[in-house]
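Let me begin by presenting the structure, written as structure tokens, before commenting on it.
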Amino acid sequence: MRFADIVIPDTSATRGALEVATAYCSPALLNHSVRAYLWAAAYAGMNGIAFDAELLYVSSMLHDIGLVKEFDSHTVPFEEAGGHLAWVFAAGAGWPVERRVRASEVIVRHMWDKVDLAEDPEGHLLELSTALDISGRRPEDFPAGLRAEVLERYPRLGIGEEFIACFRDQAGRKPDSLAATFVRGGVADRIRANALDG
């Protein structure tokens with residue numbers, strides 16, 4: 001698997017989602033969102049997992065949008081805020097209600113410990129890819145050459161420390177959130193030990 005082998009969908013919805021992420025995310029968070037899709041699609045390709053590329057791409061671009069100040073919610077966890085925004089985005093893109101719900105589900109579930117592949121392939125792939133990109137889980141599942149290509153095209157730009165700060169902020173204001181659970185569980189140490197930053 002090489003970068004050129006990764007299927008990158010080109011639709012009005014994917015272009016719009018990338019435009020939204022570019023307008024609102026920091027450069028580090030934007031690159032993380034792009035890498036989240038790339039890792040997910042590459043893993044699917046290497047393991048014969050069928051998935052909806054447009055749905056996964058849109059969800060990847062918007063999965064952390066609830067961390068940015070313009071869309072931060074003071075009442076719900078950031079992944080739920082992102083899921084709501086994805087539903088609204090998908091409505092504007094003309095997606096049927098069922099597909100809007102799927103985008104929201106994929107984003108909410110990316111924070112889960114595990115998402116069942118049979119039930120939700122896109123959620124499974126995004127949970128796996130974001131765990132790799134943020135906390136360094138299972139880098140051995142991706143060829144070294146592919147990792148190098150992706151990181152050269154979309155460098156990390158200090159995403160680890162930015163994410164630690166975001167999670168600590170979320171935890172302080174939303175102590176019942178999954179972000180708070182991760183902070184209490186030592187996520188900062190896992191992020192700082194991420195082999196992708198080595």
Side-chain angles (χ1 to χ4, degrees), residues 3 6-42 51-97 99-111 122-123 125-127 129-134 149-171 173-174 177-179 191 196-197:
F3 185 90
I6 300 174
V7 175
I8 301 175
D10 183 17
T11 68
S12 60
T14 60
R15 291 190 298 271
L18 177 59
E19 185 176 354
V20 169
T22 302
Y24 287 100
C25 293
S26 70
L29 195 59
L30 173 63
N31 279 8
H32 161 65
S33 299
V34 174
R35 288 192 308 271
Y37 174 79
L38 296 173
W39 302 133
F51 69 100
D52 182 325
E54 182 185 53
L55 174 62
L56 180 60
Y57 188 94
V58 168
S59 300
S60 297
M61 292 309 105
L62 302 179
H63 79 278
D64 281 337
I65 199 79
L67 290 173
V68 306
K69 66 182 188 309
E70 291 86 353
F71 301 109
D72 180 32
S73 169
H74 290 275
T75 58
V76 299
F78 80 91
E79 67 274 18
E80 292 182 22
H84 290 301
L85 184 128
W87 195 101
V88 172
F89 173 89
W95 288 9
V97 172
R99 192 166 176 77
R100 298 174 211 168
V101 170
R102 285 291 299 120
S104 181
E105 288 173 343
V106 170
I107 289 173
V108 169
R109 291 172 180 171
H110 92 271
M111 286 286 286
E122 295 78 22
L125 292 167
L126 188 59
E127 181 276 323
S129 70
T130 55
L132 165 68
D133 203 65
I134 295 301
E149 280 189 284
V150 170
L151 294 173
E152 181 179 358
R153 291 171 186 255
Y154 298 97
R156 294 181 64 75
L157 305 177
I159 188 62
E161 291 303 320
E162 185 172 323
F163 234 87
I164 290 168
C166 285
F167 267 40
R168 285 176 173 164
D169 173 66
Q170 291 285 316
R173 294 186 289 115
K174 306 168 196 177
S177 66
L178 283 174
I191 290 173
L196 297 182
D197 286 321

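Numbering of residues begins at 1 and proceeds along the displayed sequence.
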| query | Where is the tightest heavy-atom contact between Arg99 and Leu55, given as atom of each residue plus distance? | reply | NH2-N, 3.7 Å

| said: Between Ile159 and Asn31, is the side chain to side chain contact (heavy atoms under 4.5 Å, CB included) condition met? List the steps. | reply: CA-CA 9 Å; Ile159 188 62; Asn31 279 8; over 6 Å; no

| task | Determine whether Leu126 and Arg109 make a side-chain contact, defined as any pair of heavy atoms from C-beta on separated by less than 4.5 Å. | result | no

| Charged N to carboxylate O under 4.0 angstrom, Arg102 versus Asp52? | no

| Crowding at CZ, Phe71 (>12 non-hydrogen neighbours, <6.0 Å) | yes

| Closest heavy-atom pair and its distance - Val34, Leu18 | CG2-CD1, 4.4 Å

| With no hydrogens and no angle check, do the side chains of Glu162 and Ser26 hold a donor and an acceptor under 3.5 Å apart? | yes

| field | Flag side-chain contact, heavy atom, 4.5 Å: His32 against Thr130 | value | yes

| said: Could you check whether atom CD of Glu152 has more than 12 heavy atoms from other residues, nucleotides or ligands sitting under 6.0 Å from it? | reply: no

| field | Euclidean distance, Ile134 CD1 relative to Phe163 CZ, rounded to 0.5 Å | value | 4.0 Å

| query | How long is the span from the CG atom in Leu62 to the OH atom in Tyr24, to the nearest 0.5 Å? | reply | 12.0 Å

| task | Tell me whether the centres of the aromatic rings in Phe78 and Phe167 are closer together than 6.0 Å. | result | yes

| request: State, without any angle test, whether Glu54 and Thr11 hold a side-chain donor-acceptor pair at a distance under 3.5 Å. | output: yes

